[in-house]
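Heads up, the thing below is written out as structure tokens.
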Amino acid sequence: MSEAQVISLGCRLNISESEQIRAMLTQERDLVVVNSCAVTGEAVRQTRQAIRRARRAHPDARLLVTGCAADIERDQLAAMPEVDGLVANTAKLDARAWNVPAAAPAPQNRTRAFIAVQNGCDHACTFCVIPQGRGRSRSLTVAEVLAEVECHLDHGAPEVVMTGVDVTSWGHDLPDTPPLGELVHAVLQTFPQLQRLRMSSLDGIEIDPLLFELFAHEQRLMPHLHLSLQHGHDLILKRMKRRHLRRDAVDLVTRLADRRPDLAVGADLIAGFPTETAEHHAANLAIIRELNIVHGHIFPYSPRPGTPAARMPQVARETVKRRAAELRAVVGATRDEWLASLVDKPHSVLAERDGTGYTPHFARVAVPEGTPAGTIVSLTPTAFENGLLQ
């Protein structure tokens with residue numbers, strides 16, 4: 001292999017960090033980095049699969065593993081014969097951890113730039129191991145974020161995505177604890193040339209008034225709200241140690257959709273959390289329709305090491321799998337109805353490199369052959385098939 005390869009698993013934050021790792025390692029040869037995920041047992045399984053595939057594809061390369069699983073599942077991954085070494089998750093953006101010069105090359109031209117404005121988490125959800133792999137919440141300053149946005153704009157990115165582990169906690173560790181809305185407002189005001197700003201997963205209970213108003217009225221802030229919802233029943237939310245109730249999510253989406261009718265809602269939902277009954281599961285299914293969730297990330301619950309939920313009464317694995325499939329089916333039906341409502345209407349589409357592109361509300365659209373990546377074009381799809389507008 002002629003250059004380093006970085007394999008990214010998991011969240012958008014990992015995607016952003018993988019880009020930075022790739023930039024640091026542009027002069028390296030015969031190196032494979034697996035940027036791992038440990039959010040669920042399935043994510044760890046996929047990490048191990050990715051490691052084995054990478055070793056088969058590059059038998060003579062040096063293979064290093066970083067990311068959350070490199071900390072949380074350290075002993076297990078270190079014992080894999082395919083792995084040559086581990087880089088601590090908290091050190092993976094430090095050039096010294098890779099023995100390369102500290103000055104990183106400028107970012108490559110991308111259609112979409114991911115900027116990690118925040119890392120770590122100060123909360124203690126009973127199912128989650130991510131604080132073990134990411135540590136305490138840390139925020140970039142406004143000036144640091146603006147500098148990153150400017151760099152990506154200078155290299156042609158038409159869309160910027162703000163990401164993090166717990167994005168709405170941005171600013172809690174900065175002087176005067178500014179809310180996330182101030183950062184979003186600063187980016188939009190500073191860069192009138194920025195065509196699209198998109199937010200990754202948000203904790204709805206922490207969406208501040210300014211951010212709400214920007215979502216409601218600022219056309220350059222994409223109408224795509226992805227909530228860290230997790231469940232649709234209050235008792236399960238309390239046992240998860242979440243800070244919102246069902247009515248909080250319903251109220252937020254109702255108020256925002258009234259002001260911005262093109263809003264597309266996404267959400268993370270966990271199936272089969274410990275003690276979940278058929279009644280709780282029914283509430284989980286119902287909230288998909290109530291919020292019109294069209295971008296659903298469904299996670300079958302799996303006990304994670306050292307978490308309180310792992311010590312709670314567990315739901316049978318077959319029941320967990322069945323309930324996850326039922327959640328996915330309802331999301332799929334809701335999404336199909338939503339896609340059908342977009343047919344024969346004009347949409348602004350950001351073209352990708354694979355012959356598709358994305359509308360502001362993140363519907364995937366087939367673009368005309370030869371459309372340059374990074375171009376924003378106006379299209380009127382006439383049909384959809386298998387989740388792709390045609």
Smallest separation among heavy atoms of [X] and [Y], with atom names:
X: Pro274; Y: Ala309; value: CG-O, 3.5 Å
X: Ala61; Y: Val32; value: CB-CG2, 4.1 Å
X: Asn35; Y: Asn14; value: ND2-O, 3.3 Å
X: Gly374; Y: Pro158; value: O-CG, 3.5 Å
X: Ala333; Y: Arg289; value: CB-NH2, 3.7 Å
X: Met24; Y: Asp94; value: SD-C, 4.3 Å

Are [X] and [Y] within salt-bridge range, i.e. N to O under 4.0 Å?
X: Arg246; Y: Glu290; answer: yes
X: Arg45; Y: Glu73; answer: no
X: Arg112; Y: Glu19; answer: no
X: Glu17; Y: Arg134; answer: yes
X: Arg364; Y: Glu352; answer: no

Does the [X] side chain pair with the main chain of [Y], one donor and one acceptor, at a distance under 3.5 Å?
X: Thr168; Y: Gly204; answer: no
X: Glu144; Y: Thr141; answer: yes
X: Asn284; Y: Gly232; answer: yes
X: Arg335; Y: Gly296; answer: no
X: Arg260; Y: Phe215; answer: yes
X: Ser36; Y: Thr66; answer: yes
X: Arg12; Y: Thr163; answer: no
X: Asp248; Y: Leu245; answer: yes
X: Asp71; Y: Asn89; answer: yes

Measure the shortest side-chain to side-chain distance between [X] and [Y] over non-hydrogen atoms and say whether it is less than 4.5 angstrom.
X: Val365; Y: Leu342; result: no
X: Leu146; Y: Val187; result: yes
X: Cys128; Y: Arg304; result: no
X: Val165; Y: Arg138; result: no
X: Thr382; Y: Asp344; result: yes
X: Val87; Y: Val65; result: no
X: Leu229; Y: Ile293; result: yes
X: Pro178; Y: Leu183; result: no

First locate atom [atom1] of [X], then atom [atom2] of [Y], and finally report the distance between them rounded to the nearest 0.5 Å.
X: Leu379; Y: Leu389; atom1: CG; atom2: CG; answer: 10.0 Å
X: His244; Y: Leu252; atom1: NE2; atom2: CG; answer: 10.0 Å
X: Leu197; Y: Glu218; atom1: CG; atom2: CD; answer: 8.5 Å

task = Using the test salt bridge (charged side-chain N to carboxylate O under 4.0 Å, His left out), find all partners of Glu150 that sit at least two apart in sequence or belong to another chain.
result = none
query = When His281 is tested against each of His231, Glu326, His233 for side-chain hydrogen bond (donor to acceptor under 3.5 Å, both in side chains), which residue passes?
reply = Glu326
key: Residue of the set Glu42, Arg48, Gln49 for which side-chain hydrogen bond (donor to acceptor under 3.5 Å, both in side chains) holds with Gln46   = Glu42
message = Between Ser228 and Arg242, does the side chain to side chain donor-acceptor pair (under 3.5 Å) criterion hold? Intermediate values first, please.
response = CA-CA 10 Å; Ser228 180; Arg242 299 295 294 167; 3.1 Å; yes
Any donor-acceptor pair under 3.5 Å linking the side-chain atoms of [Y] with those of [X]?
X: Asp173; Y: Ser139; answer: yes
X: Ser169; Y: Ser137; answer: yes
X: Ser8; Y: Ser18; answer: yes

query = side chain to side chain donor-acceptor pair (under 3.5 Å) between Asp122 and His172: does it pass, once the steps are laid out?
reply = CA-CA 10 Å; Asp122 292 340; His172 291 187; 6.0 Å; no
query = Is Leu225 reachable from Leu210 through a run of I, L, V, M, F, W or Y residues, each pair having side-chain heavy atoms under 4.5 Å apart?
reply = yes
query = So His297 and His226, would you call those rings parallel, tilted or perpendicular, with 30° and 60° as cut-offs?
reply = tilted
task = Determine, for Phe212 and Arg255, whether the Lys NZ or Arg CZ falls below 6.0 Å from the six-membered ring centre while staying within 45 degrees of the axis.
result = yes
request  = For Arg62, look at atom CZ and say whether over 12 heavy atoms of other residues, nucleotides or ligands are found less than 6.0 Å away.
outcome  = no
